[in-house]
Number of protein chains: 2
Amino acid sequence: MKDDSISNDQDRAAWGRRKFLNTAALAGLSIGAVACTDKSAGTAATPAAPAAPADAAHAASGAAAGHLKPGELDTYYGLWSGGHTGDMRVLGMPSGRELLRIPCFVPDALVGWGITNESKAIMGTKADGSLRYTVADTHHTHASYKDGNYDGRYAWINDKINSRLARIRLDYFVCDKITQLPNVQGFHGIFPDKADPVDPAINYTTRVFCGAEFSIPLPNTGTEDSSKYRSMFTCVDAESMEVRWQVLIDGNCDLTATSYDGKLAATNQYNIEMGAKYEDMMSAERDACLFFNIARIEEAVKAGKFKTVGTSKVPVVDGTHEANKDPKTALTAYVSVPKNPHGVNASPDGKYFICAGKLSPTATVIELSKVLEWFDGKLEKLDDAIVAEVELGLGPLHTAFDGRGNAYTTLFLDSQVVKWNVDAAIKFHAGDKAAKYVVDRIDVHYQPGHINASQSETKAADGKYLAVGCKFSKDRFLPVGPLHAENEQLIDISGEKMVLMGDHPVRGEPHDFIIFKRDLVKPKQVYSLDDFPNAVKDPKESGVFRNGKKVTVKMTSQAPAFSLREFKVKKGDEVTLILTNLDKIEDLTHGFAIPNYNVNFIVNPQETASVTFIADQPGVFWCYCTHFCHALHLEMRSRMIVEA
Amino acid sequence: MKDDSISNDQDRAAWGRRKFLNTAALAGLSIGAVACTDKSAGTAATPAAPAAPADAAHAASGAAAGHLKPGELDTYYGLWSGGHTGDMRVLGMPSGRELLRIPCFVPDALVGWGITNESKAIMGTKADGSLRYTVADTHHTHASYKDGNYDGRYAWINDKINSRLARIRLDYFVCDKITQLPNVQGFHGIFPDKADPVDPAINYTTRVFCGAEFSIPLPNTGTEDSSKYRSMFTCVDAESMEVRWQVLIDGNCDLTATSYDGKLAATNQYNIEMGAKYEDMMSAERDACLFFNIARIEEAVKAGKFKTVGTSKVPVVDGTHEANKDPKTALTAYVSVPKNPHGVNASPDGKYFICAGKLSPTATVIELSKVLEWFDGKLEKLDDAIVAEVELGLGPLHTAFDGRGNAYTTLFLDSQVVKWNVDAAIKFHAGDKAAKYVVDRIDVHYQPGHINASQSETKAADGKYLAVGCKFSKDRFLPVGPLHAENEQLIDISGEKMVLMGDHPVRGEPHDFIIFKRDLVKPKQVYSLDDFPNAVKDPKESGVFRNGKKVTVKMTSQAPAFSLREFKVKKGDEVTLILTNLDKIEDLTHGFAIPNYNVNFIVNPQETASVTFIADQPGVFWCYCTHFCHALHLEMRSRMIVEA
């Protein structure tokens, strides 16, 4: 243990990175190394020339690469999943600066998320009015499409703990709806569709696909025999956020991908064994990439060929092996891929889904047109849709693209990103052993998971920046006790060689993220009073309105004062306080806190929010503005007098 | 309004900063301008030469100034208050990167703060076991001292909404105690002492002083007549975190400062009028800096010269004007300072407290030795302790120091930082009108509040970096909807001229912060099993232990498995689950989530945490590791079966 203790010494930074590669997350991971398939052990298995040392690489790119001068704006947005912090984060790129945290599943004391009536209605409450959940584990975030590029309407993010899907409006950067999926556990992968499978006029997102990772009894009775457990793949309506349908499957769902033509969605499966323990989950040499034929599924639903599970009314169609043996009627297709894959990604040319092997050192390239051929009965063997399965290095997890035919895959065990050419990999797989598909490798710090490039998940992939979510930062930042930051590294991929630009610490655990050009969203800075049915549109409407024990307090804010300098209620009253911010100037947000009453929330310009509480403590309570607004901000107060 | 809308256009960044200076926070602030005193309108009122444009200034300092190469470590830590986000943040300097958020007053879904039994005991619960508060408004953070410098033991942070003081251990960077102050509202200013006033052997922090901003009825009966309201100044024991004593005062408390010799503490007062509305609060031309004679207060407490208020047992001594007219027995001394001051800061040479005027364009320099002379009956007029009162610009708020005799004061209305020489100001005030005390000015973006320099609050002030908390970022970052980031700007103060290094967005609202050399703390990365009385020290101790309806589940974690692959309880059981992380490797943290049971928390290496819940839903629940730990992290699960 001694060797791993961190001191504050300068020379700590000089430790060789390889030092870490036999510790921490790697304990026992000879597993990965021995899981190599016996295929494609050609030139690619020999690592390319060692990557240039980070400093030299950095010098080559110039300090300007990721470093903005004061006042200079980022050119890309990043939407980052917050992991078990439970939020979504908005970053500027290439600076890596966090510009906003958007609360969705978890309360937020700044915004008053989980405190205001409006946010509680979105989050969901129990019968007693308290929040149903206050924890979440967000993993993946993806945005709505039009014509194969982001259209700036929505982003979605999942909560794995409670199987919830949240939608973020990208005009105001706020969560406006949350849906809990029925009859699933461990909802993990998520991807919006990019077009309708049937109607070519619908060339934008109307569905969100959700994969459930854990198999459970259906309905969840508590049966101990795990061979009876099943998992489901779920479709949610992008507008109404209602669950449209579910597909009962064999095995489990991990990540999700969708085709540009809207015809196919897929999930990689790491547990076709349906094991309950990790040894069982990794017993098979090959797992699967499971394809869904969206048009056929929706035809089946329309035709009433579904059941329901438990109290849920959602149509469930049968996507198991047994029910889908005939390609011409199959709803699903299980393409085999090596051992415990993690990650399935759609190439920006619309041709391929790529699965990374995790416990196999390979990536598998599946050609979508061939999968469609199989569904048409024109491809004899489904696995013939595999056009490449090539070795990349140890622990491949996720893949990004540069729009120039290259893929970038994280190698968890090797702590590297490998750049490889998809066409060359296909040629190599087809027998051309001279095809050198590995183009470059770069060391990252350390144990990378998710990866994404600017515009990578769109037809407009532009091959400029690559962000790599490194699960361990180790020695890369000052020590701050047991809980280390993770390390999002930014890499310049505009040239032939990858160049490390910078390290950005992030609070655990950001999993997935997307990066897109800043002109794809049109953020609004000021609300409209009409957006809020309960708005107090004029200070003259302010006052205390009593209906028995129910009291409504209406108030407005305009710097540096609230419209009510004081208000009286009686002990035991149920008080609903409605506050409208009449300030119209961008960024002129006010806060409203009531001491000892657990009330704090903000109102942005022209926004209305309300809280309801029982006035159970008599006394004087100085309500004050918590969000800096004005030189007399400190003096901006109202006085609540609760009469005994 | 049209002019203030933000578009994504590139040229947006080129807007003149002065455009903003007549909008937003400044509405109505001719108030500030007309509040100028008629004193010292000398050379200083004429601004110095305009600051160099940001870009030019940056170029002058070199890009390397704030930009670390990949892998390069910061040289300073920053502790940042999180405002109404409710956390404390740890930043690296000069990069401005956020390395950690420390939950204290507010739940945190990643850590399980507010979920685990251990954190709930620190936060405080109601009779039904739910958290007493889930919101907070942190403002000021300061760390413990020894020999006039930080000693790396503790930091403290306040919650203004619920008048709570939290202590952070700086070995593990965690909150270990929270104290709610009795009989006060709006607890705002906070500062630890730096020495004992009597015993020279105690040259380290043993007290924390807390100022309450709002006056309330004592006890809080709900009286409407605000002339009967009073505020108090509170002393908390730094070790036990118990409240030692309180001082009843006239007026209110805002910020707090302490002397290096331990003899004096002070708070600036912006509301000597004790007004209930902002117009009343700003009616007097001069407010006060209120000094506390710590030794005399503690003698009075010892001698039983106190009362108590309401149900609180805390001794309250009388610090009002009326009771403290005789300097030789006075516990308090009210030095007058101009209109609604905000901020009182101790100079690193130990000689002065400096109050900034806010609604007066001045700073007031008070010489501590003269205040002590007054307490000794040797200074006829208390206000003769004022050795300078000089104009700096509009809206002065807070002051930092470089250890070379210069002060740096934020000018909220001018959106500037002014560098001024304290000795020159004293000479100017004494009549030497040739003394040019203003050394430099620099534009900041925009409306700066708190300011601090590296080591500024210690005798080791080193004049290297200056951080400025700008309340409005406006056009400095990409737009992200109505809620803008604030802008912490970093300035190089090592030379004669200030040089802007970079903009760092921060989530609102960080108020105060301190910056210190990285070798002053010695963070620990791995806990000891012995730190936790309920630790499960061996996997063999794992199991389900029933005592009627109370069930204890003992479990350990070692990547990639929990010691119990499954466990059974019965519907209606009160389950206490104890999890010890037996992994010893730095950063090898595990998480533990139970779907639908609102349970998620982490255990750092060798840490133990526990949760208690009622097993009210029958079924199978896949408990899984939420914190990335291993290549088989996804497969790391346990199965809770709740039998109906």
Side-chain angles (χ1 to χ4, degrees), chain A residues 4 8 13 24-25 29 54 58 63 67 69-70 73 84-86 90 92 97 99-100 106 109-110 133 135 137 161 172-173 185 214 216 220 222 277-278 281 471 477-482 484-485 500 503 505 519 523 565 585-587 593 595 598 600 604 618-620 622 626 628 630-631 635, chain B residues 4 8 13 24-25 29 54 58 63 67 69-70 73 84-86 90 92 97 99-100 106 109-110 133 135 137 161 172-173 185 214 216 220 222 277-278 281 471 477-482 484-485 500 503 505 519 523 565 585-587 593 595 598 600 604 618-620 622 626 628 630-631 635:
Chain A
D4 291 307
N8 259 328
L29 270 175
H58 177 76
H67 185 221
K69 290 176 191 163
L73 294 184
H84 41 323
T85 302
V90 184
R97 301 183 294 200
L99 305 176
L100 182 70
V106 166
L110 185 158
Y133 303 114
V135 299
D137 181 21
I161 298 180
Y172 289 114
F173 284 82
Q185 251 177 53
F214 306 153
I216 53 172
N220 192 354
K277 299 178 181 177
Y278 80 85
M281 297 180 199
K471 292 295 184 186
F477 307 115
L478 289 183
V480 288
H484 295 222
L500 184 61
D503 289 24
D519 56 4
R565 305 300 187 89
I585 295 171
E586 179 192 324
D587 206 16
N598 205 44
N600 186 41
N604 291 300
V620 170
W622 287 103
T626 49
F628 197 94
H630 188 283
E635 290 84 349
Chain B
D4 291 308
N8 259 328
L29 270 176
H58 177 79
H67 186 221
K69 289 176 193 163
L73 293 185
H84 41 324
T85 303
V90 183
R97 301 184 293 201
L99 304 175
L100 182 69
V106 166
L110 185 158
Y133 303 114
V135 298
D137 181 20
I161 299 180
Y172 288 114
F173 283 81
Q185 254 177 50
F214 306 154
I216 53 172
N220 192 355
K277 299 177 182 179
Y278 79 85
M281 297 179 198
K471 291 297 184 184
F477 306 114
L478 289 184
V480 288
H484 294 220
L500 184 61
D503 289 25
D519 57 2
R565 305 300 187 88
I585 294 172
E586 179 192 324
D587 206 16
N598 206 42
N600 186 41
N604 291 299
V620 170
W622 285 103
T626 50
F628 197 94
H630 189 282
E635 290 84 349

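The shown structure was predicted, so the numbers you read here are calculated from the model rather than taken from an experiment. Chain letters run A, B, ... following the sequence lines, proteins first, then strands; residues in each count from 1.
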Quick one: does any side-chain atom of [X] pair with a main-chain N or O of [Y] as donor and acceptor, under 3.5 Å?
{"X": "B:Asn598", "Y": "A:Val135", "value": "yes"}
{"X": "B:Gln185", "Y": "A:Trp622", "value": "yes"}
{"X": "B:Asp503", "Y": "A:Pro70", "value": "no"}

Out of B:Asp587, B:Asp137, B:Val106, which one racks up the most heavy-atom pairs below 4.5 Å with chain A? B:Asp587

Quick one: of B:Pro482, B:Ala593, B:Pro505, who has the most non-hydrogen atom pairs under 4.5 Å with chain A? B:Pro482

Going by heavy atoms in the side chains, are A:Leu478 and B:Leu99 under 4.5 Å from each other? yes

When the 4.5 angstrom heavy-atom criterion is applied to A:Val480 and chain B, the contacting part is both

Heavy atoms only: give me the nearest B:Pro479-A:Pro523 pair and the separation to one decimal. O-CG, 3.4 Å

Taking every non-hydrogen pair under 4.5 Å, which of A:Thr626, A:Asn604, A:Val90, A:Leu100 racks up the most with chain B? A:Thr626

